[in-house]
2 protein chains.
Amino acid sequence: MELSERKLKILRAIISSYIQEGEAVGSRTISKKHNMGISSATVRNEMSDLEELGYLIQPHTSAGRVPTDKAYRLYVNGLMKSTSVGKYSEQINRILQEEINEMNSFIKNSARILSNFTHYTSFAMTPQLKESKLKHIQLVPVSDKKILLVIVTENNIIKNVVFNMSSSIPQDQLNRISNLLTAKLSGVKLSMLNRELKNEIMHEIYSIRESFDEKLDELMVLLMNTANQYEKVELYYNGLTNILNYPEYSDTNKAKELLSFVEDKESFTKALLNVEGKDLSILIGKENEFEQIKECSIVTATYKLNGIIIGKVGLIGPTRMDYKNVISMIKSLSFNINKLINENYTDIKRSETDG
Amino acid sequence: MELSERKLKILRAIISSYIQEGEAVGSRTISKKHNMGISSATVRNEMSDLEELGYLIQPHTSAGRVPTDKAYRLYVNGLMKSTSVGKYSEQINRILQEEINEMNSFIKNSARILSNFTHYTSFAMTPQLKESKLKHIQLVPVSDKKILLVIVTENNIIKNVVFNMSSSIPQDQLNRISNLLTAKLSGVKLSMLNRELKNEIMHEIYSIRESFDEKLDELMVLLMNTANQYEKVELYYNGLTNILNYPEYSDTNKAKELLSFVEDKESFTKALLNVEGKDLSILIGKENEFEQIKECSIVTATYKLNGIIIGKVGLIGPTRMDYKNVISMIKSLSFNINKLINENYTDIKRSETDG
DNA sequence: CTTAGCACTCATTAAGGGAGAGTGCTAACA
DNA sequence: TGTTAGCACTCTCCCTTAATGAGTGCTAAG
């Protein structure tokens, strides 16, 4: 059944009001404050219909009405006035620039911006790199038997891993091995590292016959074994306590339940990875998979590198979320993230000085 | 005025009970449950004295009594049965080992252990390195004009900074510069980097006359300018929401006030740095400097490298904290942190292969 | 010095009773 | 047929009142 123009108008008014005030909306409020030129009785009739259709519920008989998840869904799908990329775009761009040099700081900064501007709890995932290609490998001596492996991807993203070797390798050999590995592995995807590639490369390398074979072998094993670590995604939050601003969570137990869920990075990351990778995804209330967040909405945006999604930013708040503002904000943010990432972390032809 | 043996016994019983239950303790409870062989009336007389002496207060006339900060101070200073290094020491050691290779992960892990074992909110500061000496410097090409600077200190701690250069430097030159910088700067304290040292070193280097002077100059300026960044301390939390378990914070506003304070890493770090650097420091209630935590206790332990304090771990909770357990736990933890750090991150004679 | 006894205090809880917000329904009106 | 005024009804919220009970301080006797 299609909703009449008037029903839509009333529904929108109710949703707006509820998002603002957080209290059940009565017919009189709508009739008066939103100058509909319609009496409260008429509004009541319409509201009664809207309730029957599943867009509204009454907390109790003599309360006003509250929008359902279905109503919010309708709202974000088009009922709210569509939002352009927000007015804060330039400001966001400026703040993002401040931490552009290092990817993780950049992402951390993104989360901070989002919660500062929206007053919800924000989060940001660092890039997944399994599809990234290696560009440069550098081994750095740390201590006698510890070696730092620095990986630079073609996206200019940097990863560190420390290895424990069974015996020490002198500096000049480390440099030679670094050059060798860079030459052999550059252009190879991180996700390919842990395959039979190792044997193949070892074969090639053995044919050159260097004097540090057995060490190189051990090194390769370690390198391959820890390859899956590079996929490890970090999650940053900001504004966890913002949740406590909303009357929905004035009950400590409710607040605790939600905060504990969010604070547990592992399960929350899992939940986020499950979210479909659309440019902008909005999950409202019971659309969420996990019980603890079925009264929340999660808005996430992706960021891409060369067209491939590598991470997500977003925020979580009560279903009564200021979607309009939030969406405008998150669009601005992800627009700027994408722009800056692709300016600063994009694939570049390998420098001729390599190898 | 000295407290009589009996007064001390009663006070200890009250504190224990209040730490356990979180509710004002009455004379009857003490007389009965702690089998003192003393009537409640006698206990009342003693409690009245203790109140006059500032060890107890009554929330209201007909409530039992609650220990004051002064009472907790007495308690931790010796009233509670002294704690040995706890029984979980081995378990802690095992868990710490899992993330031993990289300092920041190690510290993050420490915070996790602390909150998991105590159910309070824990925190851990990453090492301050201004007193650390450089051991190795490696420049790694990232993109055309971006260079990664990897610093390894004599403590085997690794720091990364990405620079933007005005022009590109080929790989082989980067290696030569790296070697040069390692040779010139190893043994130098990080805190010395931003001084006139630069000019001195440049002087020396100029005398060697390489072909890339102006780039090196730029690089040195960047390196020196960002030197203060190496001191930047990171703060990790764990179990933020544990605070919500305690009835003291069943009021959302109180919880929010505290959580916001703790969540603000900058000001909280500042607060922590102000704490005197004893092996074990306990700040009870109003002993804390900041208004927002004057109803909390903060227990911190330091960790050292070669006898120098480089960081802190600790936890925050209501003044009604289970000091006995907490102190035992944190002693175990810091003991193991110190042990492992000094095994894995201790100064080592520079390898002969350097330079 | 200790303790039994007792009056007193005060938080907590439950019950009762407006007040107010909002509804549903009906009947009249355009 | 849709709209609206009117009204009874419902239910929450808040205030008051009263009962309960935990715990105290004081006194007087042991």
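When reading the values below, keep in mind they use all heavy atoms of this one structure, side chains included, and skip hydrogens, waters and symmetry mates.
Applying the salt bridge (charged side-chain N to carboxylate O under 4.0 Å, His left out) rule to pairs touching residues 28-47 of chain B yields B:R6-B:E46, B:K7-B:E46, sequence neighbours excluded. For residues 280-302 of chain B, the pairs satisfying salt bridge (charged side-chain N to carboxylate O under 4.0 Å, His left out) are B:D69-B:K286, B:R73-B:E287, B:K254-B:E295, with sequence neighbours left out. Judged as a salt bridge (charged side-chain N to carboxylate O under 4.0 Å, His left out), the pairs with a partner in residues 240-251 of chain B (not counting sequence neighbours) are, in order, B:E248-B:R320.
If you take CD of A:E23 and C1' of C:dA21, they are 11 Å apart, rounded to a whole angstrom. One interatomic measurement links the two molecules: CE of B:M36 to C1' of C:dT2, which rounds to 16 Å at whole-angstrom precision. C:dG22 atom C1' lies 13 Å from atom CD1 of A:I14, rounded to whole Å. Taking atom CG of residue A:D49 and atom C1' of nucleotide D:dT1, one finds them 14 Å apart after rounding to whole Å. In this entry the distance linking CD of A:E46 with C1' of C:dG22 reads 18 Å, nearest Å.
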> In B/S/- notation, 5' to 3', how is nucleotides 10-27 of chain D contacted by protein heavy atoms closer than 4.0 Å?
Replying inline: BBS---------BSBBB-
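Between the side chain of B:N238 and the main chain of B:N116, no donor-acceptor pair closer than 3.5 Å is present.
Qualifying salt bridge (Lys or Arg N to Asp or Glu O under 4.0 Å) partners for B:D264, counting only residues two or more places apart in sequence or in other chains: none. Not a single salt bridge (Lys or Arg N to Asp or Glu O under 4.0 Å) links B:E23 to another residue, sequence neighbours left out.
Within the structure, every side-chain polar atom (N or O) of B:T42 is placed at least 4.0 Å from both OP1 and OP2 of C:dT2.
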